[in-house]
Structure formats: C-alpha cells, structure tokens
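Worksheet for the structure shown next.
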Amino acid sequence: MAWVLHVDLDQFLAAVEVLRHPELRGKPVVVGGDGDPTKRGVVSTASYEARVHGVRSGIPLRVAARRLPDAVFLPVDKDAYDSASADVMRTLKEFGVVEILGWDEAFVGVDHDQPEVTARRIQERVLAETRLECSVGIGQNKLQAKLATGFGKPAGIFRITHDTWFAVLGDRPTDALYGIGSKTAKRLAALGIETVRQLAHADPDRLGAALGPATGPWLVQIGRGRASARVSDTPHVVRSRSREMTFQQDLEDWDEVRAAVVELAHKVAADVSPDGRDVARMVVKVRYAPFFTSSHGRKTQRPTTDPHAMELSALAALEAFTDRRPVRLVGVRAEFVPDDQGSAGP
DNA sequence: TCTGGGGTCCTAGGACCC
DNA sequence: TCTGGGGTCCTAGGACCC
C-alpha cells in the first residue's frame, strides 16, 4: 500500500550549529539575523532549551534577547544549512520518491505495509549519516502526513489516516490545518466555523461565495483531510527571484531608497543570470516605518536577461510610489517569463 | 526594545477586445 | 435617452509557508 511520509528535521538550524560547536549542546541556542540580537531581525530557529523560555521562530531577536539574555545568538549561515540539507535529502532518496519542501523537510513516497518500519529506518539512517534527528509523519496523503509530524515531535513517528482524521484533528481550531493561517481562521470564525470538524461539514458554495471560488471548496476539502497523495521529485521551476533589505534606521531620504533599489536590482540580476531565463517583470516592495507594505511592478520592455533593463523597470516601478514617508524595508523581485509553453507543439 | 528574507498562489478590479 | 456578456491581460494586494 502507498503511503506518504513527511520527514522534518528537529530544530534544524540550531542542531546544525550544535554539531559545529559541540560545547553548545544543552544550551539555549538562537539562530537568526546576523547574530546580533540588538538589531532588527527575527528568530529563524531556537533550540528546545530556548523554546521553554518562550523563544521560538518568528519572534523579534530583541524580544528573544530580553526573554533569554544568556542565550547563544548565532547568525544564519545559509551555506552550512544548504550543505546539511543536501546530505539529508540524499539519504532520504534511498527510501523512495522525495519531494523537497525546504531546508529541513520533505515528503517521501513509499510502498510498504508497515510505514512505521520505514519511518524508523529513515530516522536511524539520517542520524547515522548526518547526526541530525528528525520526526516522521505518516498519512494517506500529503496533508495528513504533514500534520502528523507535529504530533511526533521531537524525534517521534505519528500516523494520521482517513479513519483517524477526525479523532485527531476534529476538535482542533481551523488554523491547525496547513494552508489556514490566522486571517482565514478569523474569517471562518465570522461564519461560525471554529473547528476542523465544522469546516468539514460547511457548504463549499457558501465558503466559495465568502472566500473565493477556488479557495472555498478547497478549504472544505482540507477540513475533511482530503488532499493530494502524489509525491513528485520533478525539480521545481522557480517563478521569481527577489532580494530585500531591512534598514537598521528607517530611510527618510528617498534618494537613498532609490539607491537601494538600484543596488538590489543589480543583485537580483546577478542572481538570475545563471538561470539564463528571460525576466518579464520587475516588482519593487516598500515597507513603511509603521510596517505597512506596498508594492508596484512594471513589465520589462521585452523579455530580457539584461541587468540594465531590469534596473530601468525597477526604477519605473519605484516611480509609482507617490507616498514618500520613511521606509524600513526595500525589496526588488524579478519575475520570469512563464515557462509553460516551452514544449508547445504546432 | 517590535515585527527577516525568500518564495508561492489566489483574488479582484479595470482595461481592452470581440 | 442607451449602455450585454465573455474572455484575457495587467496590476495590486492578501495570505500563507519555511
């Protein structure tokens, strides 16, 4: 029988750092930003020793430092995690088709009557190869597997099936589901839908009218635990590349904002150059000091790989910003020409 | 003492065309 | 003294995820 396994490394960034710095084992370790907790930035990963003090992913580094002044703060080291992640993914490929979701998680499609046996072997093999611990969720589709992992952490294994879906998740709030965040949960609550079970019994057309024709029926489906079970190892074709930067002090001078856009546009151009693909559109994002974000984009004159053309379109997009208040973040994104007619026949 | 950086997908409205 | 109804493209923004 076919099963979907979801493998998720435990406290991945912190675990990689502990491997490099064994003296940190057992200590509260916080990875985020450039490692300076007095600067603007957020926690990427906190070790379990830090989490018990309320320091978890996504909180501001400054808040983390206040809650846990004695924690070890480390910068995000992308190359180190890329390398560790590649080791893990290579190991997973021994067990089946692997669909990579990020640095520290992947689906593995297996055909096995005892998926727990495979899950245990995966844990052992990953630990032996990389000295990293992982949790494994087992499901009849990707949604069940992904959610199961959370019940297995740390270093455990958990299975969710069509038969156990409501027993495990029925009474949980809707935002326990992958794909429902705080905003959608609020909108659902306004419709009287608080739990996964209530969502499963909602009328798809009613939700469609309230939340969009595709989104509404899809929400009911995930409430019922129904989702795709197809694990695909087809390499993902990237749609866009972006760079952004948050300033330590808000920029009040828009000449500096303009200079930042030029710099970021050139970085993005360098990032996309190895892809060799044509860029169709450039988007500039501005986050104002009160944390309100706005974006404007402009098509490039024609599909292009030319950095100068990308800069020109980014600057044209910047012209669309008429509100010249102080700025805390500037971002530039290049969107590739859609790649779906590549093999179109006559 | 606020709130990163890199992505994806969906929705909605206006323009434009037939 | 009237102004439908689709389809598609472009743009802005929302929401979500790791």
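Throughout, a chain's letter reflects where its sequence line sits, starting with A, and its residues are numbered from 1.
- If you take CG of A:Asp104 and C1' of B:dG7, they are 15 Å apart, rounded to a whole angstrom.
- The 5' end of DNA chain C is approached more closely, in terms of each residue's nearest nucleotide, by A:Arg298 than by the other of A:Arg298 and A:Tyr178.
- The side-chain hydrogen bond (donor to acceptor under 3.5 Å, both in side chains) search around A:Ser47 returns A:Glu49, not counting sequence neighbours.
- Partners of A:Asp36 by side-chain hydrogen bond (donor to acceptor under 3.5 Å, both in side chains), not counting sequence neighbours, listed by chain and number: A:Thr38.
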Would A:Tyr288 and A:Val327 count as a side chain to side chain contact (heavy atoms under 4.5 Å, CB included) if you check the C-alpha gap in whole Å, the side-chain angles of each, and the deciding distance to 0.1 Å?
CA-CA 4 Å; A:Tyr288 293 98; A:Val327 167; 4.3 Å; yes
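- As judged by a 4.0 angstrom heavy-atom cut-off over every strand, A:Arg67 is placed among residues making no nucleic acid contact.
- Heavy-atom distances under 4.0 Å link DNA chain B to A:Gly212, A:Pro213, A:Ala214, A:Thr215 of residues 199-218 of chain A, given in residue order.
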So what does the secondary structure string of DNA chain B come out as, 5' to 3', with Watson-Crick or wobble pairs under 3.5 angstrom, [ ] for crossing and | for pairs with another strand?
....||||||||||||||
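- At the heavy-atom level, A:Leu61 lies nowhere under 4.0 Å from the strands shown.
- Between the C1' atom of B:dG4 and the CH2 atom of A:Trp103 lies a distance of 12 Å, rounded to the nearest Å.
- The side chain of A:Arg328 places an N or O atom within less than 4.0 Å of a non-bridging phosphate oxygen (OP1 or OP2) of B:dG4.
- For A:Arg172, the side-chain contact (heavy atoms from CB on, under 4.5 Å) partners two or more places apart in sequence, or in a different chain, are A:Phe151, A:Leu169, A:Ala176, A:Val196.
- Atom C1' of nucleotide B:dG7 and atom CZ of A:Arg241 are separated by 10 Å, given to the nearest angstrom.
- Under 4.0 angstrom from either OP1 or OP2 of B:dG4 there lies no side-chain N or O belonging to A:Arg62.
- Residues from residues 245-253 of chain A placing a heavy atom under 4.0 Å of any atom in DNA chain B, listed by number, are A:Met245, A:Thr246.
- Using a 4.5 Å heavy-atom cutoff, the side chains of A:Arg287 and A:Phe292 are not in contact.
- Distance, A:Glu335 CD to B:dC10 C1': 14 Å, rounded to whole Å.
- In this structure the side chain of A:His6 never reaches within 4.5 angstrom of the side chain of A:Gln144, judged on heavy atoms.
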Cut-off 3.5 Å, no hydrogens considered: what does the side-chain donor-acceptor table look like for residues 211-228 of chain A, sequence neighbours left out?
{"residue": "A:Arg224", "atom": "NE", "partner": "A:Ala200", "partner atom": "O", "Å": "2.9"}
{"residue": "A:Arg224", "atom": "NH2", "partner": "A:Ala200", "partner atom": "O", "Å": "3.3"}
{"residue": "A:Ser228", "atom": "OG", "partner": "A:Arg230", "partner atom": "N", "Å": "3.1"}

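- Taking atom CG on A:Leu264 and atom P on B:dG7, their separation rounds to 13 Å, with Å as the unit.
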Output side-chain donor-acceptor pairs under 3.5 Å for residues 251-265 of chain A, partner residues at least two apart or in another chain, one line each.
{"residue": "A:Asp253", "atom": "OD1", "partner": "A:Asp255", "partner atom": "N", "Å": "2.8"}
{"residue": "A:Trp254", "atom": "NE1", "partner": "A:Arg324", "partner atom": "O", "Å": "3.4"}
{"residue": "A:Trp254", "atom": "NE1", "partner": "A:Arg325", "partner atom": "O", "Å": "3.0"}

Nucleotide N/O to protein N/O under 3.5 Å, stretch nucleotides 13-15 of chain C:
{"residue": "C:dG13", "atom": "OP2", "partner": "A:Ser294", "partner atom": "OG", "Å": "3.3"}
{"residue": "C:dG13", "atom": "OP2", "partner": "A:Ser295", "partner atom": "N", "Å": "3.3"}
{"residue": "C:dG13", "atom": "OP2", "partner": "A:Ser295", "partner atom": "O", "Å": "2.9"}
{"residue": "C:dA15", "atom": "O3'", "partner": "A:Thr184", "partner atom": "OG1", "Å": "3.3"}

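- Residues A:Ile122 and A:Leu92 have side chains in contact (heavy-atom distance under 4.5 Å, counting atoms from C-beta outward).
- Contact annotation for A:Lys146: backbone-only contact, meaning every heavy-atom pair under 4.0 Å involves sugar-phosphate atoms and none involves a base.
- Within 4.0 Å (heavy atoms only), A:Val283 reaches no atom of the nucleic acid at all.
- Using a 4.0 Å cut-off between a side-chain N of Lys or Arg and a carboxylate O of Asp or Glu, A:Lys27 and A:Asp70 do not qualify as a salt bridge.
- Rounding to whole angstrom units, CE of residue A:Met282 and P of C:dT11 are separated by 14 Å.
- Using a 4.0 Å cut-off between charged side-chain N and carboxylate O, A:Lys267 and A:Asp271 make no salt bridge.
- Taking the charged nitrogens against the carboxylate oxygens, A:Glu94 and A:Arg125 do have a contact shorter than 4.0 Å, which makes a salt bridge.
- Taking every side-chain heavy atom of A:Phe291 into account, B:dT3 is the closest of B:dG6, B:dT3, C:dA12.
- For A:Gln249, the CD atom counts as loosely surrounded, since its 6.0 Å shell holds 12 or fewer non-hydrogen atoms of other residues, nucleotides or ligands.
- Among the atoms of the strands shown, only primed sugar atoms or phosphate atoms (P, OP1, OP2) are found under 4.0 Å from some heavy atom of A:Leu177.
- Contacts between residues 34-56 of chain A and DNA chain C, defined by a heavy-atom separation below 4.0 Å, involve no residue at all.
- Here the nucleotide nearest the side chain of A:Ser242, chosen from B:dT8, B:dG7, C:dC18, is B:dG7.
- Side-chain atoms of A:Phe107 and A:Lys146, non-hydrogen and from C-beta on, do get closer than 4.5 Å to each other.
- When each of A:His236 and A:Ile59 is assigned the nucleotide of DNA chain B with its nearest heavy atom, A:Ile59 is the one assigned upstream, toward the 5' end.
- C:dC16 sits 26 Å from B:dC2 when the P atoms are compared, rounded to a whole Å.
- Separating the P atom of B:dT3 from that of C:dC17 is a span of 23 Å, rounded to the nearest Å.
- One atom, CD of A:Glu244, and another, P of B:dG5, lie 6 Å apart when rounded to the nearest Å.
- The side chain of A:Arg239 has B:dC9 as its nearest neighbour among B:dG7, B:dG5, B:dC9.
- Distances shown here put a side-chain N or O of A:Arg281 below 4.0 Å from the OP1 or OP2 atom of C:dT11.
- A donor-acceptor pair shorter than 3.5 Å cannot be found between the side chains of A:Thr305 and A:Asp278.
- Annotation: side-chain contact (heavy atoms from CB on, under 4.5 Å) contacts of A:Ala269 (sequence neighbours excluded): A:Pro307, A:Met310.
- Using a 4.0 Å cut-off between charged side-chain N and carboxylate O, A:Glu17 and A:Arg20 make a salt bridge.
- Every side-chain contact (heavy atoms from CB on, under 4.5 Å) that A:Ala320 has, sequence neighbours left out, goes to A:His296, A:Arg298.
- For the pair A:Gln301 CD and C:dC10 C1', the computed distance is 17 Å after rounding to whole Å.
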